[in-house]
Amino acid sequence: MIDFNMIPSPCYVMEEELLRRNLSLIKSVKERAGVNVILAFKAFAMWKAFPIVREYIPYSTASSKFEARLAFEEMGSRAHTYSPAYTEADFPEILRYSSHVTFNSLTQFERFYPMVQADGNRVSCGLRINPEYSDVKTDLYNPCAPGSRMGVVSDLLDGQLPDGVEGLHFHTLCESSSYDLEKTLGEVEKRFGRFLPHIKWLNMGGGHLMTRKGYDTEHLIGLLQAFKAKYPNLEIIMEPGSAFAWQTGFLLTTVVDIVENHGIKTAIIDASFTCHMPDCLEMPYKPVIRGAIEPEEGKPVYRIGGNSCLSGDYMGDWFFEQPLKVGDKLIFEDMIHYTIVKTTMFNGIPHPSLALWSKEDRLVMYKEFGYEDYKGRMD
């Protein structure tokens, strides 16, 4: 049982048993479907937990030279790398730390493929394609919105792919189901099916939330097996991020003040939505607070306010059985995937600590942030 009194505030805490539960399911899907499922660092890059991840999944995907290097150094394997745009300055490092490189456009491929050849064609090259179909409703997360900069549309490709392209990559999902993937595959085949028998690999990107309660993993496995049977030449690659860290931990915070304005009470915490929970404001979505209850007449109700100077750094409303008071702990659930990698030090606000609650019921502190971490970013 977690002893919250042992945990400094604020602090992100990942629970090892919950992480291992997700990893076991992902490994099972990988093995039963006969595909390669790899970890997307853009959603989860807490590298001190990689020794646990490597027990189940040995490979990862990167979106930058820093992520690719992290894959090499801390996952112990070269990355499957995709970026919307590479530069001459960065690409040598991308090559050094990658096994696969996906290009976002034909012009990027033409510009950098000579460097791949000069490197001895050690890296397998692919193109990101845009099937012009996605079930994602939030435009911020929809890579197939009209005019999207993500990927090559079918109209730009003639009867064959450029020499040197060994794979195709699409990414259209976001916390989606296997049925969303099934519809996407139909669109991929309709627009790009002519290429599938002639390439080595197909990367189905991320957004496969197979660890969410109610996700139909049997349907996913059957779908992948059928697709592989249709295209036996293909290695199928999937790179979910959220699925690895979905509901594996929380952000512990403390109430530091309670203010009231014309009957609206706001509990201000020692953390920030804009700095430490940015997806809540971007998506937007209202996170779960442990101990909060369903709206009930007469129960104490609060907005929760962050400690930055951004006026919109708040969310509401939450109901509680008892009035909140200064010093109370508020625990925001499911704050490991994406949340940690997107944090900032806006206002110089101290970053929450990073910790693991181990399967032996011990608190393992990964990182506590101080002034030098803030100052060093602008050194």
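Small disclaimer: the values here were computed from a predicted structure and weren't measured. Side-chain atoms are counted along with the backbone in the values below, which use heavy atoms only and exclude waters and symmetry mates.
Remark: Glu166 engages Ser124, Lys200 in a side-chain hydrogen bond (donor to acceptor under 3.5 Å, both in side chains) (not counting sequence neighbours). Partners of Tyr285 by side-chain hydrogen bond (donor to acceptor under 3.5 Å, both in side chains), not counting sequence neighbours: none found.
Annotation: cation-pi pair Lys213/Trp246 absent, no NZ/CZ under 6.0 Å from the ring centroid and within 45° of its normal.
The distance between the ring centers of Phe244 and Phe44 does not fall below 6.0 angstrom.
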Checklist entry - Can you check side-chain contact (heavy atoms from CB on, under 4.5 Å) on Val116 and Val101, steps first, answer last? => result CA-CA 9 Å; Val116 176; Val101 173; 5.9 Å; no
Checklist entry - Would Glu189 and Lys230 satisfy salt bridge (Lys or Arg N to Asp or Glu O under 4.0 Å), going step by step from the backbone distance to the final call? => result CA-CA 11 Å; Glu189 286 191 280; Lys230 190 172 183 179; 2.8 Å; yes
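The pair Glu15-Lys359 does not count as a salt bridge, with every side-chain nitrogen at least 4.0 angstrom from each carboxylate oxygen.
Aromatic ring orientation, Tyr113 versus Phe109: parallel (interplanar angle below 30°, classes split at 30° and 60°). Ring geometry for His169 versus Tyr82: interplanar angle of 30 to 60°, hence tilted.
Taking CG from Asn203 and CZ from Phe170, the interatomic distance works out to 8.0 Å, rounded to the nearest 0.5 Å.
Checking side-chain atoms of Asn104 against main-chain N and O of Ala85 turns up no donor-acceptor pair under 3.5 Å. Formation of a donor-acceptor pair under 3.5 Å by the Ser60 side chain with backbone atoms of Ala79 is not found in this model.
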